**Q** 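Here's a structure for you.
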Amino acid sequence: MKLQFNGLMNLASRESYLEARRQGGWPTSDLPYADTNGYHMYSDLDFRLIVAAPENANAAYLNLQILQAYASAADSVTSLSNIRILEVQGQRLHMFREAEAPTPIVTQEVVEACKAFYRLAVRHITVLAPESAFTIRMAADYGRAILLRSGGDDPSESIISLGDPANRPAKKLARDVGRSGVPAGHLAINETAVTNQTAAPSWILVDLRADVVRKSAAEALEESAEEQYKLVSFSAMEKLAQEFEPNPRNPVQSPRKRNGFMMRADLDGFSGQVHEALLAGNAGVATLVQDFGAIMQYPAAFKNSLPEGVKVLLFPWAGDCANLLLECEDYPIERSYLPNRAALNWHDQGRGIATSGITWKAPMRGCKWLVAIAGGEHVAADHGFILTGNIAAGGRTFHIGAGWSWRRSLDAEQSTSTPAEYTIIHREDHSPLDRLLKPPYADHRDHPALFKIASFEALVKAQREHDGEAARSSVVTVASTGIQVKAARPYVRHISPNRERGD
Amino acid sequence: MLDTLARIESAATNSEAIHLAQEIATYFVASEVAIHGPPVMLHRAVFSPTGGATISGTLNLTHSDGSTTAAANCSIRVYPGWRKRAPILRCSDKWVRGRERSETNPSWHVNSDGTLCYMLDNEWADVLAEVEDVHGVSATLRTAAGYAINSARWLLYRHLQGYRCKLVSWDPQWPQWPHYADGVWAYRHEKSHSRKRK
């Protein structure tokens, strides 16, 4: 269902969305969306790794508080401007300024808002973690994109964006500074988008720490935002004190600890499909939205493929990247096989039939997944868990996590030179795999110290050999005596309640 | 006199059972051994079904046909009649199959009392008798421990595989004896055939 941008934002909160659906009688599959132009701004908060990938529950708890302060800073600035928060993904924020054209006034407004946000965020995060070094980097791009309200099993209140102006700045931030990424304290803006949105991007850097051209306007915004911050952060606590799903009474002030693996699945090549749909006109866009709505059902089908001791907890989609926690009742047992099983099931599902009766291939449009999984060593290294909580911003709540595996899975998913239909796991998750499940993996070309990578075909072959091993039962030589005994072969007997065992 | 001899023999087999339990414990990652009260003579040369020892702890599931870091929390009870009856295996980990309904128990080699049947007692007894004839009691106890543990691990690992693959019943490609009396008959038939071939 196509809407104007403001209409879409009115449906962002779960309450208003469900109420509107009830009144309008829409089917779940009919996702509301807007096709609009504007500036997409992303902000990445990077901590010194020990806090960014928290090694233990205390550090992870502080991490979540910092992320709330960070989001509240964005909330304070956006509530005083024409900018809206689309997504809160923990250390990454996505904001949007709708504009028919990237005029100098609009562009300047975006830059000033970024500066005011930067200063406010730095100030408040420093209060929470005065000893921790951190950086904030931002990127912005202008253009046409499709904005969707999340649906399906994903209960989040995010607005997802599909299109180059949403994709490019996210990718720009994912690059290291050494490889033409964004330096700390800077905003990278794509200047060619102002003149030609189809041209290759050309980024100029704005120092967020420097004075702006319209000093008085920027300072006024910052001062107002500082006052607004107090209201925003108080309101966040009030909002989160209410009962809501999926984490009732679970604000970041009282996070939940969950054992398991973070899994991220990125639909490789889908950006190209979005580009073509935008060129194909309204019908092309409507079909793309319908297809993406079907793709958003993918995790719900996937979760049924896993053993009963593994529950799937969905986090908001980040564009065309699904984010899930594979929560494990018995984490040590799951470490011996689950990364391979989960990756195989996810990749393989794309070749099958959706519950709706259509094949997944159709909505996926020939694209394939890249899967990244991280859990971590749970004994010596105190990994293997994340803390989850809800962050309040922009009148909505965003379900996020913090912990070693949250960050490492993101690093894996954003790593470059990874082909489609491959799986990346962290080295800590490779070690405990069953012997026959290890061979498909090779060192990741760009991050050999961190990650291992395997193709779908190699995982299938290894799984076949591993499962075939269960059909074998070999004669065994007892090591302590050198005496050979018979192969294992189980039986079953009926035990009478009065049976004596002591003869 | 007969009673005295019976008591001596009972004490000896009970001691062997405890020794076997201690050998089995060496295979566990971490374990405790609980020694039970010795059998008591109820009437002439008939003893109470007690004695022996129970090992409880964490058992890694690597065995002759699989290498894994997975481990099970289980217990193994050794009785004085260890020569004739394989130690009793119990495991209450959630991934153990066949507990949903009693009719699924046999498929997963879960006995009617909830114990796991990793070994046919006739086969166990015959193997140990041959070993004891040639190598004596001490080697037999150590061999029995290795034999029991490998078979227990083998069965537990298949339960784990069943859990991982969401299998409803035992994979027909996995080796097993037929259930109940058919299993005993099949073993005797196979044993008789192998004697004839020799």
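Below, chains carry the letters A, B, ... as their sequence lines are ordered, and counting in each starts from 1. Note that the structure is a prediction, hence the values are computed from the model and not measured.
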**Q** Could you check whether B:Glu130 pairs with A:Lys486 (Lys NZ or Arg NE/NH1/NH2 to Asp/Glu carboxylate O, under 4.0 Å)?
**A**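 No, this pair does not count.
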**Q** Could you grab the distance from atom CZ of A:Arg489 to atom OG of B:Ser151, nearest 0.5 Å is fine?
**A**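 Result: 12.0 Å between the selected atoms.
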**Q** Roughly how far, to the nearest 0.5 Å, is CD of A:Glu469 from CZ of B:Arg158?
**A**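 Taking CZ in B:Arg158 and CD in A:Glu469, the distance rounds to 7.5 Å.
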**Q** Please check if the side chain of B:Asn111 supplies one atom and the backbone of A:Val492 the other of a donor-acceptor pair under 3.5 Å.
**A**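 Absent.
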**Q** Whether B:Arg164 and A:Glu308 form a salt bridge (side-chain N of Lys/Arg under 4.0 Å from carboxylate O of Asp/Glu) is what I want to check.
**A**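 Looking at A:Glu308 and B:Arg164, the cut-off is not met.
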**Q** What part of B:Pro175 is in contact with chain A, defined as an atom under 4.5 angstrom from a non-hydrogen atom: side chain, backbone, both or neither?
**A**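 It is both, since atoms from each part get that close.
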**Q** What's the shortest heavy-atom distance between A:Ile333 and B:Ala70, and which atoms?
**A**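 What the structure gives for the nearest pair is CD1-CB, 3.8 Å.
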**Q** Under 4.5 Å heavy-atom distance to chain B, tell me which part of A:Ser305 shows up: side chain, backbone, both or neither.
**A**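 It is the backbone, since no side chain atom gets that close.
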**Q** Tell me, for A:Asn304 versus chain B, whether the close heavy atoms (under 4.5 Å) come from the side chain, the backbone, both or neither.
**A**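 For A:Asn304, backbone heavy atoms alone lie under 4.5 Å from chain B.
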**Q** Using 4.0 Å as the upper bound for N to carboxylate O, is an ion pair formed by B:Lys94 and A:Glu329?
**A**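 So A:Glu329 pairs with B:Lys94 through a salt bridge.
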**Q** Give the minimum heavy-atom separation between A:Ser336 and B:Thr69, together with the two atoms involved.
**A**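 A:Ser336 and B:Thr69 have their closest heavy atoms at CB-OG1, 3.8 Å.
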**Q** For B:His135, which atoms come within 4.5 Å of any heavy atom of chain A: side chain, backbone, both, or neither?
**A**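 For B:His135, the contact with chain A is made by the side chain alone.
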**Q** If I measure from the heavy atoms of chain B, does A:Leu437 come under 4.5 Å with its side chain, its backbone, both, or neither?
**A**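 Contact with chain B is absent: no heavy atom of A:Leu437 under 4.5 Å.
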**Q** For B:Tyr157 versus A:His466, what's the shortest heavy-atom pair and its separation?
**A**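 Minimum heavy-atom contact is OH-NE2, 3.0 Å.
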**Q** Does any backbone or side-chain atom of A:Arg472 lie under 4.5 Å from a heavy atom of chain B? Answer side chain, backbone, both or neither.
**A**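 Both parts, backbone and side chain.
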**Q** Based on non-hydrogen pairs under 4.5 Å, which of B:Asn150, B:Leu155, B:Val134 is most in contact with chain A?
**A**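 So the answer, after comparing B:Asn150, B:Leu155, B:Val134, is B:Asn150.
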**Q** Is any side-chain heavy atom of B:Trp154 closer than 4.5 Å to a side-chain heavy atom of A:Ser473?
**A**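 With C-beta onward as the side chain, the pair touches.
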**Q** With chain B as the partner, which of A:Ala470, A:Ala471, A:Ala488 has the greatest number of non-hydrogen pairs under 4.5 Å?
**A**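 Of A:Ala470, A:Ala471, A:Ala488, A:Ala470 has the most heavy-atom pairs under 4.5 Å with chain B.
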**Q** So what's closer than 4.5 Å to chain A heavy atoms on B:Ala181: side chain, backbone, both or neither?
**A**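 Only the backbone of B:Ala181 comes within 4.5 Å of chain A.
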**Q** Does any part of the side chain of B:Asp182, heavy atoms only, come nearer than 4.5 Å to the side chain of A:Tyr491, both counted from C-beta?
**A**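 No, too far: nothing below the 4.5 Å cut-off.
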**Q** Tell me, out of B:Gln173, B:Arg77, B:Arg153, B:His63, who's got the most heavy-atom pairs with chain A below 4.5 Å.
**A**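 Of the candidates given, the most pairs with chain A belong to B:Gln173.
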**Q** Around atom CD of A:Glu457, are there more than 12 heavy atoms of other residues, nucleotides or ligands at under 6.0 Å?
**A**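 Yes, because the 6.0 Å sphere around CD of A:Glu457 holds more than 12 heavy atoms from other groups.
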**Q** Could you go step by step and tell me if A:Gln484 and B:Tyr147 meet the side chain to side chain contact (heavy atoms under 4.5 Å, CB included) rule?
**A** CA-CA 9 Å; A:Gln484 206 175 61; B:Tyr147 185 26; over 6 Å; no
**Q** Chain A: which of B:Trp170, B:Trp95, B:Tyr163 shares the most heavy-atom pairs with it under 4.5 Å?
**A**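 Winner by heavy-atom pair count: B:Tyr163.
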**Q** Could you check whether any side-chain N or O of A:Arg435 sits under 3.5 Å from a backbone N or O of B:Gly66, counting only pairs where one atom can act as donor and the other as acceptor?
**A**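 No; zero donor-acceptor contacts below 3.5 Å.
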**Q** Does some side-chain heavy atom of B:Gln161 sit less than 4.5 Å from a side-chain heavy atom of A:Asp467?
**A**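 Yes, at least one pair of side-chain atoms sits under 4.5 Å.
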**Q** Against chain A, label B:Gln176 side chain, backbone, both or neither, depending on which of its atoms sit under 4.5 Å from a heavy atom there.
**A**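 Both backbone and side chain of B:Gln176 come within 4.5 Å of chain A.
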**Q** Which answer fits B:Tyr118, side chain, backbone, both or neither, if we ask what part of it has an atom under 4.5 Å from a heavy atom of chain A?
**A**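 The backbone, not the side chain.
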**Q** I'd like to know which of B:Asp65, B:Thr26, B:Ile149, B:Thr68 tops the heavy-atom pair count under 4.5 Å against chain A.
**A**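 Answer, by heavy-atom pair count under 4.5 Å with chain A: B:Asp65.
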**Q** Distance-only, no hydrogens or angles: does the B:Arg142 side chain make a donor-acceptor pair with backbone N or O of A:Thr481 under 3.5 Å?
**A**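 No.
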**Q** Quick check on B:Leu120 against chain A: is it the side chain, the backbone, both or neither that has a heavy atom closer than 4.5 Å?
**A**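 Both parts, heavy atoms under 4.5 Å.
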**Q** By a 4.5 Å heavy-atom criterion (distance strictly below it), what part of A:Pro332 contacts chain B: side chain, backbone, both, or neither?
**A**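 Contact with chain B involves no heavy atom of A:Pro332 at all.
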**Q** By a 4.5 Å heavy-atom criterion (distance strictly below it), what part of B:Ala145 contacts chain A: side chain, backbone, both, or neither?
**A**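 Looking at B:Ala145, nothing touches chain A.
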**Q** Other residues, nucleotides and ligands only: do more than 12 of their heavy atoms fall within 6.0 Å of NZ on A:Lys361?
**A**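 No, the 6.0 Å shell around NZ holds no more than 12 heavy atoms from other groups.
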**Q** Heavy-atom distance under 4.5 Å to chain A: side chain of B:Glu23, backbone, both or neither?
**A**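 Contact with chain A is absent: no heavy atom of B:Glu23 under 4.5 Å.
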**Q** Flag the pair A:Asp434 / B:Ser67 as yes when at least one side-chain heavy-atom distance between them is below 4.5 Å, and no otherwise.
**A**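 A side-chain contact is absent here, since even the closest heavy-atom pair is not under 4.5 Å.
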**Q** Please look at B:Leu160 and chain A and tell me whether the side chain, the backbone, both or neither of the residue comes under 4.5 angstrom of a heavy atom of that chain.
**A**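 For B:Leu160, the contact with chain A is made by the side chain alone.
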**Q** Determine the option with the most heavy-atom pairs under 4.5 angstrom with chain B, choosing from A:Leu436, A:Val475, A:Leu306.
**A**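 Top count of heavy-atom pairs under 4.5 Å with chain B: A:Leu306.
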